[in-house]
Amino acid sequence: GISIFMNKVLTSYSMYFNKKYKRTGRLFEGSFKAKHVENDEYLKYLFAYIHLNPVKMIDAEWKENGIKDKNQAEKYLLNYKYSSYLDYLNTERIENKILNKESFPQYFELNKFSDFVNEWLDFKPT
């Protein structure tokens, strides 16, 4: 189901973009790939990965080397409007109308979302 949906979304967007900018061809490097999440730890990792991915725009190697400036990363995330990060911090905005936080597993204790993310921001590779 999700693979078919993503295929339709990405194809439609590519067609729109190509028509608007009078171009042809692919917009994305590779095809959409799905992977089954088999355990809670991997799901937690994915949850953090998705919400911290924007940090890569200000610190390209943070995943390999750790965060250089945690305050700068937090500030960037708080101002980055293209993520559900703000929604999980209960920031009121129109975009949170499409997010159903209640359907996410209870073990995340979403009232402690900032603590969860801060643990990842403190991550230092060994």
Side-chain angles (χ1 to χ4, degrees):
I2 190 71
S3 293
I4 293 169
F5 172 75
M6 289 304 296
N7 181 303
K8 289 181 179 185
V9 167
L10 296 175
T11 299
S12 299
Y13 181 73
S14 295
M15 290 170 65
Y16 155 78
F17 190 90
N18 283 341
K19 185 174 182 175
K20 180 176 180 176
Y21 294 103
K22 297 178 176 68
R23 62 179 302 280
T24 60
R26 301 174 96 184
L27 294 183
F28 304 100
E29 288 182 23
S31 60
F32 168 76
K33 297 176 186 129
K35 182 176 178 185
H36 182 70
V37 177
E38 295 189 20
N39 61 55
D40 290 350
E41 287 306 309
Y42 185 56
L43 182 59
K44 286 181 184 181
Y45 164 78
L46 290 175
F47 191 72
Y49 174 85
I50 289 166
H51 289 97
L52 294 176
N53 210 30
V55 174
K56 213 168 183 174
M57 288 187 264
I58 60 169
D59 188 354
E61 297 178 356
W62 81 267
K63 292 176 189 170
E64 295 81 14
N65 303 325
I67 298 282
K68 292 176 189 156
D69 186 342
K70 183 179 171 184
N71 290 332
Q72 179 189 23
E74 286 178 298
K75 186 176 179 182
Y76 187 79
L77 287 170
L78 288 172
N79 290 299
Y80 188 76
K81 63 181 182 176
Y82 305 105
S83 168
S84 58
Y85 177 82
L86 295 171
D87 301 315
Y88 282 98
L89 290 176
N90 294 319
T91 302
E92 193 60 40
R93 59 193 205 125
I94 195 155
E95 292 87 347
N96 70 11
K97 304 281 187 254
I98 62 170
L99 183 66
N100 183 359
K101 295 186 296 187
E102 288 75 33
S103 67
F104 216 76
Q106 293 297 318
Y107 57 79
F108 276 114
E109 296 181 40
L110 295 178
N111 56 336
K112 299 188 182 197
F113 175 72
S114 58
D115 294 340
F116 174 74
V117 170
N118 279 326
E119 284 180 35
W120 282 95
L121 286 173
D122 288 333
F123 169 77
K124 299 286 186 229
T126 55

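Basis for what follows: all heavy atoms, side chains included, without hydrogens, waters or symmetry-related copies.
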Quiz item: Between L10 and Y21, is there a shared hydrophobic cluster once you connect ILVMFWY residues whose side-chain heavy atoms come closer than 4.5 Å?
Solution: yes
Exercise. Look at the aromatic rings of H51 and Y85 and report parallel, tilted or perpendicular, splitting at 30° and 60°.
Key: tilted
Exercise. Write down the atom of N96, the atom of T91, and the distance for their closest heavy-atom approach.
Key: ND2-O, 3.4 Å
Quiz item: Given the rule that I, L, V, M, F, W and Y join up when any side-chain heavy atoms are under 4.5 Å apart, are M57 and V55 in one cluster?
Solution: yes
Exercise. For Y16, look at atom OH and say whether over 12 heavy atoms of other residues, nucleotides or ligands are found less than 6.0 Å away.
Key: no
Quiz item: Should R26 and S14 count as side-chain neighbours, where that means a heavy-atom distance under 4.5 Å?
Solution: no
Enumerate, atom names and distances included, each donor-acceptor pair closer than 3.5 Å involving a side-chain atom of residues 59-66, sequence neighbours excluded.
| residue | atom | partner | partner atom | Å |
| --- | --- | --- | --- | --- |
| D59 | OD2 | K68 | N | 3.4 |
| E61 | OE1 | N65 | ND2 | 3.2 |
| K63 | NZ | N53 | OD1 | 3.0 |

Quiz item: Just how far is it from atom CE of M6 to atom OG1 of T11, taken to the nearest 0.5 Å?
Solution: 10.0 Å
Self-check item: Results of ring pair (Phe, Tyr, Trp, His ring centres under 6.0 Å) for Y80 - residues two or more places apart only
Solution: Y76, Y82
Exercise. Compute the centroid of each ring, for Y45 and then for W120, and state whether the two points are separated by less than 6.0 Å.
Key: yes
Quiz item: If you measure from OG on S84 to CZ on R93, what distance do you get to the nearest 0.5 Å?
Solution: 7.5 Å
Quiz item: Once you round to the nearest 0.5 Å, how far does CZ of R23 lie from NZ of K19?
Solution: 15.5 Å
Exercise. Quick one: closest heavy-atom pair of L77 and L86, and the distance?
Key: O-CD2, 4.1 Å
Practice problem: Decide yes or no on side chain to side chain contact (heavy atoms under 4.5 Å, CB included) for L43 and F47, but give the supporting numbers first. | Solution: CA-CA 6 Å; L43 182 59; F47 191 72; 5.7 Å; no
Practice problem: May I ask you to test the K70-N118 pair for a side-chain heavy-atom distance under 4.5 Å? | Solution: yes
Quiz item: Do the side chains of N18 and L27 get nearer than 4.5 Å, heavy atoms only?
Solution: yes
Quiz item: So, for I58 and A73, which heavy atoms are closest and what is the spacing to 0.1 Å?
Solution: CD1-CA, 3.9 Å
Quiz item: Would F17 end up clustered with M15 when hydrophobic side chains under 4.5 Å apart are linked, directly or stepwise?
Solution: no
Quiz item: Sub-3.5 Å donor-acceptor pair from the side chain of N79 to the main-chain atoms of K75, do we have one?
Solution: yes
Quiz item: In chain order, what residues pass the ring pair (Phe, Tyr, Trp, His ring centres under 6.0 Å) check against F5, with sequence neighbours excluded?
Solution: none
